[in-house]
Number of protein chains: 2
Amino acid sequence: MTVIFSKKCEYGMQAVLYLAAYMEKGVIRAEDIASSLKVPKEFVSKILQSLTASGIVYSKKGKFGGFSIAKDPAQIRLIDIVAAIDGLEMFNSCVIGFPHCSPETPCPVHDKWGELRTLAYNMLTEETLDNFKDKTINKIRTI
Amino acid sequence: MTVIFSKKCEYGMQAVLYLAAYMEKGVIRAEDIASSLKVPKEFVSKILQSLTASGIVYSKKGKFGGFSIAKDPAQIRLIDIVAAIDGLEMFNSCVIGFPHCSPETPCPVHDKWGELRTLAYNMLTEETLDNFKDKTINKIRTI
DNA sequence: ACATAATCAGATTATTTTGTCCGAATAAAT
DNA sequence: ATTTATTCGGACAAAATAATCTGATTATGT
């Protein structure tokens with residue numbers, strides 16, 4: 001199966017966007033996030049824990065605990081979430097896995113794919129959560 | 001781990017590009033392909049079998065058998081290899097897996113990512129093997 | 001006919017990814 | 001203090017992907 005991001009990364013991005021859409025609610029339980037997004041509760045909970053360790057998400061333990069965005073949404077880029085969960089190797093490795101693919105000895109698709117990869121990287125880097133906030137609020141609340 | 005293509009698909013593309021680079025040799029043994037590309041022989045052999053079933057690759061059984069490109073390289077697009085191995089769902093599904101993501105109720109990254117995805121799809125569709133042949137011959141033969 | 005060397009097909013194993021479970025720690029309310 | 005409800009941490013299980021093995025079939029040359 002061809003895929004861009006791992007499930008972990010997908011769910012992580014969904015959850016963080018969700019939290020950004022509901023910032024005024026304070027912390028939100030993993031269960032609520034999971035049921036809204038229709039993703040496995042235990043799994044998204046684990047992912048949120050690791051995003052907490054990365055400083056992107058804040059967690060409050062105990063009764064009435066839950067998760068929220070840890071900092072100003074304008075400071076959180078999508079690439080930060082990808083980096084925290086999946087790492088950024090995909091932006092530095094050959095898309096078809098050719099041995100010795102490098103600018104000096106490129107694989108046949110090196111240049112073309114390199115352009116696309118750069119566009120993708122730039123998009124993930126330029127877009128911060130607050131850029132999405134309006135859309136996210138409008139759309140996430142419909143799900 | 002974030003990834004674009006599965007290993008199957010990566011190896012499949014590598015192998016087909018390799019065969020395109022050495023068309024004048026006739027059929028080439030799976031073992032030679034595997035050792036040149038530094039990929040598992042049995043695995044790439046399996047992949048070539050399925051590409052044979054898809055009509056992209058020709059196989060000759062028995063002694064002095066092996067694999068070669070089945071048709072004019074100008075007729076083989078990279079997207080055909082992806083379609084045969086991984087399928088094309090990635091070009092029709094939400095990149096962050098949002099429930100109900102569609103043009104009417106898009107996920108927050110729907111538009112931006114959609115552009116990139118279209119660029120990727122077009123690249124894979126427009127490029128046929130013969131477009132790569134010169135580069136491939138020059139580069140593959142150095143590995 | 002026989003030996004050799006390859007693809008082919010199916011079963012099997014290994015690894016990675018995805019998902020679940022359980023119990024401990026934490027915090028709030030009574 | 002006790003109950004309740006949550007995160008947290010580690011182990012565990014299931015599923016998907018990647019890789020290997022074995023034997024059958026096919027073709028070639030002697």
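Values in this document were obtained by computation on a predicted structure and should not be read as measured data. Here is the naming used below: chain letters follow the sequence lines, and residue numbers restart at 1 for every chain.
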Integer-rounded Å distance: [N] [atom2] and [X] [atom1]:
X	N	atom1	atom2	result
A:Y58	D:dT7	OH	P	12 Å
A:F43	C:dC21	CZ	C1'	15 Å
A:Q49	D:dG10	CD	C1'	11 Å
A:F64	D:dT4	CZ	C1'	9 Å
A:E42	C:dG23	CD	P	13 Å
B:L48	C:dA9	CG	C1'	15 Å
B:I47	C:dT7	CD1	C1'	15 Å
A:K46	C:dC21	NZ	P	12 Å

A:T52, A:V44, A:I28 screened by side-chain contact (heavy atoms from CB on, under 4.5 Å) with A:F67, the one that passes =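 Result for side-chain contact (heavy atoms from CB on, under 4.5 Å) with A:F67: A:T52.
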What nucleotide among [options] has an atom nearest to a side-chain atom of [X]?
X	options	value
B:K60	D:dT20, D:dC8, D:dA27	D:dA27
B:P40	C:dC21, D:dT20, C:dA29	D:dT20
A:T52	D:dT4, D:dC8, D:dC21	D:dC8
B:R29	D:dC8, C:dA6, D:dA18	C:dA6
B:S59	C:dA29, D:dC8, C:dC8	C:dC8

May I ask you to test the B:Q14-B:I33 pair for a side-chain heavy-atom distance under 4.5 Å?
->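 They are not in contact (no side-chain heavy atoms under 4.5 Å apart), so the answer is no.
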Counting only side-chain nitrogens and oxygens, does [X] get under 4.0 Å of the OP1 or OP2 atom of [N]?
X	N	result
A:K61	C:dA28	no
B:Y11	D:dA18	no
A:K7	D:dA15	no

Is B:K41 touching bases, backbone alone, or none of the nucleic acid, heavy atoms closer than 4.0 Å?
->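 No contact.
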Using a heavy-atom cut-off of under 4.0 Å over every strand shown, decide if B:S6 touches base, sugar-phosphate, or nothing.
->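 Sugar-phosphate contact only.
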Is there a donor-acceptor pair under 3.5 Å between the side chain of A:E127 and the backbone N or O of A:L78?
->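 It does not hold such a pair.
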Using the ring of each side chain (for Trp, its six-membered ring), is A:F43 parallel, tilted or perpendicular to A:Y11, with breaks at 30° and 60°?
->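 Rings of A:F43 and A:Y11: perpendicular, as their planes differ by over 60°.
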What about the rings of B:F5 and A:W113, do their centers lie closer together than 6.0 Å?
->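 Centroid distance B:F5-A:W113: below 6.0 Å, so yes.
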